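Single-structure report; data block below.
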Number of protein chains: 4
Amino acid sequence: MTTSPNLEDSRRRQILDAAFSCFASRGFSSVTMDDIARVSGLSKGALYWYYKSKDELILALCEAWIEKNDRALMKMAQECSLDQLLFDYPKYLFAQREIAAHSKFFFHLWAISTENDEVKTRVAKMYREHNEQAGAFVRTAVDLAILKPEVDPENFARQILALFDGLLIQWHYDPTMDLSANWSQSVRNLLEGIGSTKLQIQE
Amino acid sequence: MTTSPNLEDSRRRQILDAAFSCFASRGFSSVTMDDIARVSGLSKGALYWYYKSKDELILALCEAWIEKNDRALMKMAQECSLDQLLFDYPKYLFAQREIAAHSKFFFHLWAISTENDEVKTRVAKMYREHNEQAGAFVRTAVDLAILKPEVDPENFARQILALFDGLLIQWHYDPTMDLSANWSQSVRNLLEGIGSTKLQIQE
Amino acid sequence: MTTSPNLEDSRRRQILDAAFSCFASRGFSSVTMDDIARVSGLSKGALYWYYKSKDELILALCEAWIEKNDRALMKMAQECSLDQLLFDYPKYLFAQREIAAHSKFFFHLWAISTENDEVKTRVAKMYREHNEQAGAFVRTAVDLAILKPEVDPENFARQILALFDGLLIQWHYDPTMDLSANWSQSVRNLLEGIGSTKLQIQE
Amino acid sequence: MTTSPNLEDSRRRQILDAAFSCFASRGFSSVTMDDIARVSGLSKGALYWYYKSKDELILALCEAWIEKNDRALMKMAQECSLDQLLFDYPKYLFAQREIAAHSKFFFHLWAISTENDEVKTRVAKMYREHNEQAGAFVRTAVDLAILKPEVDPENFARQILALFDGLLIQWHYDPTMDLSANWSQSVRNLLEGIGSTKLQIQE
DNA sequence: CATGAATGAGCTTTCATTCAT
DNA sequence: TATGAATGAAAGCTCATTCAT
């Protein structure tokens, strides 16, 4: 006599939501299963009913979080122009008020990747896919002659994704900065170039 | 007749070295004082003779690590041309074989900053100073007409520092990439601009 | 359906019983939580499930012990004549074979009161109440002209309670003495006076 | 080449003074050898030069403290009249401002006697001697017909010593009480008797 | 399915004691 | 003699995990 499949789904979501809220603010190892149980409103036993261990819960949360972001990105890619995509990437990815939680979660994700191989593999896959996707966009833009023909798609994809992560870090340590404005300006710099004509560039 | 004043220094260095080696590879909360004792070749009691608590040890390590990097940066700033500074920043900062340890340590530093306010404050100070220093360089370069006059020094400083952190992350998840080459190309992109003349840039 | 509400009570009693048995014989700081766990038949974790810390357990034990004694005293006060109350106080308070444990526990209670303010406050309250209760008895006895009209109830209450504690100490260092007999004789001395008519008493 | 015997004595006194000051206020097990070293102005190594262990230091302190009190008592016995002895015992024993420290030290002495047999034996000896000495006084007073002939010297000695300890306890929990006044009144009660002529005393 | 009491390995920290200097 | 750095056993406490109900 199995329960309706929806209960299980909703329970799992309930747990993952609580887990995200806890882990994002205090890190994977500082948060206890008791914390998650309390926040989720379930008992510790229930957590172990749906997830065999803390590690499994962590992995499931990371996967769910990555997939949700991926879906957001895909939607964005279908709905937005290349311009919007380039200039408003962070704006679309996280609602403004969620940036704090998500940037912290990123930090914990990077940190735990040094210890937990399953998580590292999953996150590596995410970066690989993002790089590929961004690379494809760049190739299209080059083909359309929007970008210079000599642009290396793979390198540029990396640069733009690195910029995003790096600005999250900058923002974490100085929340007075305007993340979106900084992003847009950085993208503009990149497109137009900041070197004067006088500059002899190293080869 | 007390022990040579250098003994204390050398013991502290011995402990911090062991601590760095442990923390960098496994994170602040996963590493135990026993681990550090074992690696340092001292007893647990000795650790507590020099540092009152694990938190104090962590903070001391973060400070020492930041200061060491700062010294390396300062030396580089004095010895290198603007060109070298821009294009070879990562190469100078860490010896190639140390990148792995240092990038992991960065991850743990970001992560622990979400929980430990003293560390966060210290790291925030580091970023502030780096931003200011980079900003000053940019202003000089603008004055020398090496960079376009409309370049915003603060924004660009952020962009370049963000790029560095972001590429460390990229490299962590794909160690096959050539970090130095990627950095140089990214800097070149930024200086020359990647947009074709056809491109209408958003304002 | 939660566990029977009595389980918690019975577990707490189980722990407090073990704690009393340990603390009474070896003092608060010499006894470890492991000791109490072993004696109670529970695990250390279970102790911490019911009491948040060793200090909390100590305070709870002191309170429970005081309250139990108070109940015994109240029962005695209702059931006994003034005579019995006066002459057989120790006999009623502790069963003969329990004197050793209880007198030791008293010693540890006094000692810990010099370090632990919460315990000191609780014990001070106990003494205040005992003094008041004994004082009330004395006033009644004076009113009934059983005691001389010039007797100061508060002072006499203190004297009789001090006698009890003091004799416990005497007995601890010389268990061959007959505590009950000594108590009765002391009370008799006090009632009849031991000074000869020749004695000129200081004013 | 031994040091002057006076240095050793003065060092030992220095250590015991520091130890008393520490132990009296915080109890034997809460005080660390570091505490005593700090307060004495000596190093931990010096402590262990003069006393082989913490237990040995504790025992030496107890012995020294008891002997000092005994000398004070003996002096008092030689210099004072029976009256003064009876009525002003506490006043002579400790200077008023020292009562707090000494009463606390008593508490710790009783407490540690439950765990440390050497200390217990030493304190038991003290009580035995005090009882004997007080008993001798009482016998004299009976012979002089100052006290009633039926007074049992041993019992009365115990009663008076118990009163002293007991009142110290009372005072600890209510420092507003006037210890000396309470003592004198208690002695007066005991000499004159507090029972009215109506009272039929149990046999 | 769900609960929460119970477990116990493992953590940080303390401290009596030792010993090279 | 005296110092204080170093040791390591043992303490209080935490928390992932289990399991009877």
Side-chain angles (χ1 to χ4, degrees), chain A residues 1-4 7-8 11 29-38 41-58, chain B residues 1-4 7-8 10-11 29-37 40-57, chain C residues 1-4 7-8 10-11 29-37 40-57, chain D residues 1-4 7-8 11 29-38 41-58:
Chain A
M1 193 162 41
T2 34
T3 319
S4 93
L7 177 61
E8 172 155 357
R11 284 278 191 259
S29 35
S30 301
V31 170
T32 69
M33 293 299 267
D34 272 287
D35 292 331
I36 300 173
R38 202 176 313 114
L42 293 170
S43 74
K44 227 178 335 169
L47 262 55
Y48 278 90
W49 179 262
Y50 291 103
Y51 297 99
K52 275 207 289 272
S53 69
K54 190 182 178 184
D55 271 352
E56 194 178 301
L57 173 54
I58 287 175
Chain B
M1 206 154 15
T2 31
T3 324
S4 99
L7 177 61
E8 172 157 357
S10 100
R11 281 282 190 256
S29 35
S30 302
V31 170
T32 71
M33 293 301 267
D34 270 290
D35 292 331
I36 300 173
S40 71
L42 292 170
S43 72
K44 229 181 329 174
L47 264 52
Y48 281 92
W49 179 264
Y50 291 101
Y51 298 98
K52 278 204 282 279
S53 67
K54 189 180 178 184
D55 271 353
E56 192 178 301
L57 173 54
Chain C
M1 206 153 18
T2 32
T3 323
S4 99
L7 177 61
E8 171 158 358
S10 101
R11 280 284 189 253
S29 34
S30 303
V31 171
T32 71
M33 293 300 267
D34 272 292
D35 292 332
I36 300 174
S40 71
L42 292 169
S43 72
K44 228 185 327 177
L47 263 52
Y48 281 92
W49 179 264
Y50 291 101
Y51 297 98
K52 277 203 282 280
S53 68
K54 190 182 178 185
D55 270 353
E56 192 178 303
L57 172 54
Chain D
M1 193 162 38
T2 37
T3 321
S4 94
L7 177 61
E8 172 155 357
R11 282 280 190 259
S29 33
S30 301
V31 170
T32 71
M33 294 300 267
D34 272 286
D35 291 331
I36 299 173
R38 201 176 314 116
L42 294 170
S43 73
K44 225 173 346 165
L47 261 53
Y48 278 90
W49 179 264
Y50 291 104
Y51 298 99
K52 276 205 290 273
S53 68
K54 190 181 178 184
D55 271 352
E56 193 178 300
L57 173 54
I58 287 174

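Quick caveat, the model's predicted, so the values are computed rather than measured. Every chain is numbered from 1, with letters handed out A, B, ... down the list of sequences.
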Once base and sugar-phosphate atoms are separated, protein heavy atoms under 4.0 Å mark nucleotides 11-21 of chain E, 5' to 3', with B, S and - as SBBBSSBB---
Kindly point out which of F/dA6, F/dA2, E/dA6 is positioned nearest to the side chain of C/Y50?
E/dA6
Using the side-chain hydrogen bond (donor to acceptor under 3.5 Å, both in side chains) criterion, which residues pair with A/S53? Sequence neighbours excluded.
none
List the atom pairs, with distances to 0.1 Å, where a side-chain N or O of residues 42-50 of chain A and a protein N or O form a donor-acceptor pair under 3.5 Å, not counting sequence neighbours.
{"residue": "A/S43", "atom": "OG", "partner": "A/G45", "partner atom": "N", "Å": "3.4"}
{"residue": "A/S43", "atom": "OG", "partner": "A/A46", "partner atom": "N", "Å": "3.2"}
{"residue": "A/K44", "atom": "NZ", "partner": "A/D34", "partner atom": "OD2", "Å": "3.2"}

When rounded to the nearest 0.5 angstrom, what distance separates OG in D/S29 from CD1 in D/I58?
8.0 Å
The answer to which of B/A46 and D/A46 contacts DNA chain F further toward the 5' end, by nearest nucleotide, is D/A46
Tell me: CH2 of D/W49 to P of F/dT3, nearest whole Å?
12 Å
Step by step, would you call A/R38 with A/D35 a side-chain contact (heavy atoms from CB on, under 4.5 Å)?
CA-CA 5 Å; A/R38 202 176 313 114; A/D35 292 331; 3.3 Å; yes
Inter-residue atom distance D/L57.CG - D/K54.NZ, 0.5 Å rounding:
9.0 Å
Protein-nucleotide distance (A/Y51, atom OH; F/dA16, atom P), rounded to Å
17 Å
Tell me which of C/L47 and A/R11 sits closer to the 5' end of DNA chain E, going by the nucleotide each one is nearest to.
A/R11
Rounded to whole angstrom units, what separation is found between the CD1 atom of C/I36 and the P atom of F/dC13?
11 Å
With sequence neighbours left out, write down each residue that passes side-chain hydrogen bond (donor to acceptor under 3.5 Å, both in side chains) with B/S40, or none if nothing qualifies.
none
Could you write out DNA chain E as dot-bracket? Rules: Watson-Crick or G-U wobble, both distances under 3.5 Å, brackets [ ] for crossings, | for pairs with another strand, dot for unpaired.
.||||||||||||||||||||
